[in-house]
Amino acid sequence: MADIRRTVSSGSPLEPRIGFSRAVRIGRHVAVAGTAPIGDDGSTVGPGDVYAQTVRCLDIAGRALEEAGASLGHAVRTRIMLTDITRWEEAARAHGERFAGIRPAATFVEVSRFIDPAWLVEIEVDAILDEE
């Protein structure tokens, strides 16, 4: 069976402008792009709150995985990017609430900033679906 490229959009106005998809699935592999803590109204969720922003990022990433036919349970790698690495435990708490039983490979890294300076965290998720 040939691998078919399937894209998932979150509806962000940045997707067509930048030229990216929230997630891309090819075969059993799903990659979720850097996901920011953006609310349904376009505003930043949880200003100043790393935990709340991490929860929002994981909610968005989880929905993208589901739309691609996967779930957080299929995650094999997460990347948590923070503007202040000293606050990693706040992000780790939210990550642990979702992934304690799954335990994907995870990396926490500090970045200088994001597109919106109110964003304190962005998350990427890579997933592999079970054998078909």
Is there a continuous path of hydrophobic side-chain contacts, each under 4.5 Å between heavy atoms, that joins [X] to [Y]?
{"X": "Phe20", "Y": "Ile115", "result": "yes"}
{"X": "Ile80", "Y": "Val76", "result": "no"}
{"X": "Ile102", "Y": "Ile128", "result": "no"}

At their closest point, which heavy atom of [X] faces which heavy atom of [Y], and how far apart are they?
{"X": "Pro104", "Y": "Ala75", "value": "CB-O, 3.7 Å"}
{"X": "Val109", "Y": "Ile85", "value": "C-CD1, 3.9 Å"}
{"X": "Arg98", "Y": "Leu58", "value": "NH1-CB, 3.6 Å"}
{"X": "Glu67", "Y": "Ser9", "value": "OE1-O, 4.2 Å"}
{"X": "Trp119", "Y": "Phe114", "value": "O-CD1, 3.4 Å"}
{"X": "Ser112", "Y": "Thr83", "value": "O-CG2, 4.4 Å"}

Which is it for Leu129 and Arg25 under the side chain to side chain contact (heavy atoms under 4.5 Å, CB included) test, yes or no, and what are the steps along the way? CA-CA 10 Å; Leu129 282 77; Arg25 176 178 175 178; 3.5 Å; yes
What's the verdict on side chain to side chain contact (heavy atoms under 4.5 Å, CB included) for Val121 and Glu90, showing C-alpha distance, side-chain angles and the deciding distance? CA-CA 11 Å; Val121 62; Glu90 297 168 64; over 6 Å; no
Donor-acceptor check, side chain of His29 to backbone of Ile26, threshold 3.5 angstrom: yes or no? no
Name all residues meeting the side-chain contact (heavy atoms from CB on, under 4.5 Å) criterion together with Glu66; count only those two or more places apart in sequence or in a different chain, and write none if there are none. none
Tyr51/Glu97 under side-chain hydrogen bond (donor to acceptor under 3.5 Å, both in side chains): CA gap, chis, key distance, verdict: CA-CA 11 Å; Tyr51 172 80; Glu97 289 170 358; 2.7 Å; yes
Is there a side-chain contact between [X] and [Y] (heavy atoms, below 4.5 Å)?
{"X": "Leu65", "Y": "Val125", "result": "yes"}
{"X": "Cys57", "Y": "Glu122", "result": "no"}
{"X": "Arg79", "Y": "Asp126", "result": "yes"}
{"X": "Glu124", "Y": "Thr78", "result": "no"}
{"X": "Val24", "Y": "Val8", "result": "no"}

[atom1]-[atom2] distance between [X] and [Y], expressed to the nearest 0.5 angstrom:
{"X": "His95", "Y": "Ile123", "atom1": "NE2", "atom2": "CD1", "answer": "7.0 Å"}
{"X": "Glu110", "Y": "Met81", "atom1": "CD", "atom2": "CE", "answer": "13.0 Å"}
{"X": "Ser10", "Y": "Asp40", "atom1": "OG", "atom2": "CG", "answer": "10.0 Å"}
{"X": "Arg6", "Y": "Ser21", "atom1": "CZ", "atom2": "OG", "answer": "12.0 Å"}

Arg113, CZ: over 12 other non-hydrogen atoms inside 6.0 angstrom: yes
Using a strict threshold of under 4.0 Å (side-chain N to carboxylate O), is an ion pair present between Asp130 and Arg28? no
Test Leu82 against Val50 for side chain to side chain contact (heavy atoms under 4.5 Å, CB included), laying out the working first. CA-CA 9 Å; Leu82 298 155; Val50 170; 3.9 Å; yes
What residue among Arg22, Arg56, Arg63 forms side chain to side chain donor-acceptor pair (under 3.5 Å) with Thr35? Arg22
Could you walk me through whether Leu120 and Arg87 pass the side chain to side chain contact (heavy atoms under 4.5 Å, CB included) check? CA-CA 10 Å; Leu120 305 175; Arg87 298 182 68 184; 3.9 Å; yes
Determine the interplanar angle of the Phe108 and Trp88 rings, folded into 0 to 90°, and report it as parallel if under 30°, tilted if 30 to 60°, perpendicular if over 60°. perpendicular
